[in-house]
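This report refers to the structure that appears directly beneath it.
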Amino acid sequence: MTKIDEMDYTILSFLQEDGKKSYTEIAKELKVSEGTVRTRINRMLKDNVFEFIIHMNPNKIGLNVQVIIGISTKLGYQESIARELNRFSEVRFVGAFSGQHDLIMQAYFKNNDDLVHFVNKELAKIEGIISADVNIELKQYKDSFSYITK
């Protein structure tokens with residue numbers, strides 16, 4: 001993997017601000033060729049530095065219940081439970097954490113009934129879960145995938 005330099009960070013900043021910004025526009029602002037921008041973007045994509053994604057507003061597509069669920073697991077079950085959670089389309093994020101919960105996941109549901117079904121029917125079937133601490137989002141103040149700051 002190639003080291004990320006200042007120009008790469010600047011290109012990433014442009015894309016973070018506007019993912020539809022053309023390579024030509026970025027090249028003009030950086031005073032380099034379009035080929036340079038294209039080559040660097042392709043290299044960073046190949047090296048998994050970033051990926052192009054569509055970031056939707058869950059509420060606009062009918063997913064009105066967002067939850068963060070902290071899961072306590074039996075010793076030795078964390079990996080297998082994480083793999084099981086990854087199978088569910090409702091689950092957006094799963095991570096291992098230090099602190100009160102072994103795993104923390106984020107998920108989206110159409111309504112509370114779907115959430116209750118998920119917790120009582122799907123999570124309940126997964127071997128090794130000791131407890132699930134369900135936290136429903138009441139109001140969102142920020143939702144960003146922007147990591148580069150200037």
Side-chain angles (χ1 to χ4, degrees), residues 1-73 75-112 114-115 117-119 122-123 126 128-129 132-150:
M1 184 167 108
T2 308
K3 186 171 169 68
I4 304 300
D5 64 15
E6 191 60 37
M7 184 177 292
D8 292 332
Y9 279 111
T10 304
I11 291 169
L12 290 169
S13 294
F14 284 129
L15 293 174
Q16 180 176 270
E17 187 178 311
D18 178 6
K20 296 186 295 182
K21 191 167 196 138
S22 74
Y23 295 174
T24 303
E25 291 174 293
I26 295 170
K28 282 181 186 174
E29 293 196 41
L30 292 176
K31 297 179 177 43
V32 297
S33 72
E34 180 182 343
T36 297
V37 171
R38 182 178 314 283
T39 299
R40 285 173 173 261
I41 288 174
N42 286 338
R43 177 183 40 81
M44 288 188 285
L45 286 168
K46 180 178 169 274
D47 290 345
N48 294 314
V49 173
F50 77 101
E51 61 184 324
F52 287 110
I53 63 166
I54 297 171
H55 183 187
M56 294 175 268
N57 179 335
N59 298 110
K60 299 280 185 181
I61 59 169
L63 299 174
N64 299 307
V65 179
Q66 177 184 333
V67 297
I68 302 290
I69 302 176
I71 297 175
S72 298
T73 67
L75 287 176
Y77 282 84
Q78 187 181 62
E79 291 281 330
S80 64
I81 292 169
R83 278 193 302 274
E84 281 293 309
L85 294 172
N86 287 341
R87 291 185 318 105
F88 295 99
S89 61
E90 299 90 348
V91 174
R92 190 195 76 76
F93 169 86
V94 178
F97 285 80
S98 63
Q100 183 177 357
H101 303 292
D102 302 308
L103 295 170
I104 295 179
M105 59 172 276
Q106 179 184 35
Y108 294 93
F109 300 92
K110 291 179 186 171
N111 53 50
N112 286 337
D114 287 353
L115 168 59
H117 173 83
F118 178 79
V119 172
E122 303 301 339
L123 285 185
I126 299 175
I129 292 180
D133 180 19
V134 179
N135 298 276
I136 298 175
E137 177 185 282
L138 300 176
K139 183 175 182 178
Q140 190 171 94
Y141 293 100
K142 181 176 181 178
D143 184 10
S144 172
F145 289 98
S146 299
Y147 305 111
I148 296 178
T149 59
K150 285 200 172 203

Passes side chain to side chain contact (heavy atoms under 4.5 Å, CB included), I71 versus M105? Steps please. CA-CA 8 Å; I71 297 175; M105 59 172 276; 4.0 Å; yes
After noting the C-alpha distance and the side-chain angles of I129 and Y77, does the key distance pass the side chain to side chain contact (heavy atoms under 4.5 Å, CB included) rule? CA-CA 8 Å; I129 292 180; Y77 282 84; over 6 Å; no
Worked verdict on L12 versus F50 for side chain to side chain contact (heavy atoms under 4.5 Å, CB included): CA-CA 8 Å; L12 290 169; F50 77 101; 3.5 Å; yes
Side chain to side chain contact (heavy atoms under 4.5 Å, CB included) between D143 and H55: does it pass, once the steps are laid out? CA-CA 10 Å; D143 184 10; H55 183 187; 3.2 Å; yes
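L115 approaches F109 most closely through the heavy-atom pair CD1-CE1, 3.6 Å. Nearest heavy-atom pair across D133 and H101 is OD2-NE2, 3.3 Å. The nearest pair of heavy atoms linking L123 to A132 is CD1-CB, 4.1 Å. The shortest non-hydrogen separation linking M7 to L30 is CG-CD1, 4.1 Å. The two residues V37 and I11 have their closest heavy-atom pair at CA-CD1, 4.4 Å.
Checked for salt-bridge contact, K3 and D47 miss the test: no charged N lies under 4.0 Å from a carboxylate O. Ionic pairing of R38 and E34 is present here: one or more N-O contacts between side-chain nitrogen and carboxylate oxygen are shorter than 4.0 angstrom.
At most 12 non-hydrogen atoms from other residues, nucleotides or ligands lie less than 6.0 angstrom from CD of Q100. The environment of CD1 in I61 is crowded: more than 12 heavy-atom neighbours from other residues, nucleotides or ligands sit within 6.0 Å.
Put simply, CD on E51 and CG on L45 are 9.0 Å apart, with the number rounded to the nearest 0.5 Å. Atom CD in E6 sits 5.0 Å away from atom OG1 in T10 (nearest 0.5 Å). Here CD1 of I68 is found 8.0 Å from CD of E137. Values are rounded to the nearest 0.5 Å. Here OG of S72 is found 9.0 Å from CG of L103. Values are rounded to the nearest 0.5 Å. The structure places NZ of K20 at 13.0 Å from CZ of F52, a figure rounded to the nearest 0.5 Å. Between atom NZ of residue K110 and atom CG of residue L63 there is a gap of 7.5 Å, rounded to the nearest 0.5 Å.
Side-chain atoms of T39 and T36 form no donor-acceptor pair, as typed in the model, at a separation below 3.5 Å. A donor atom on one side chain and an acceptor atom on the other are found under 3.5 Å apart for E25 and S22. If you check the side chains of T73 and Q78, you find no donor sitting under 3.5 Å from an acceptor.
Under the 4.5 Å side-chain criterion, counting only non-hydrogen atoms from C-beta, R40 is in contact with R43.
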Show which side-chain atoms of residues 87-99 pair as donor or acceptor with protein atoms under 3.5 Å away, not counting sequence neighbours.
unit_1	atom_1	unit_2	atom_2	d
R87	NE	E84	OE1	3.2
R87	NH2	E84	OE1	3.1
R92	NE	Q106	OE1	2.5
R92	NH2	Q106	OE1	2.8

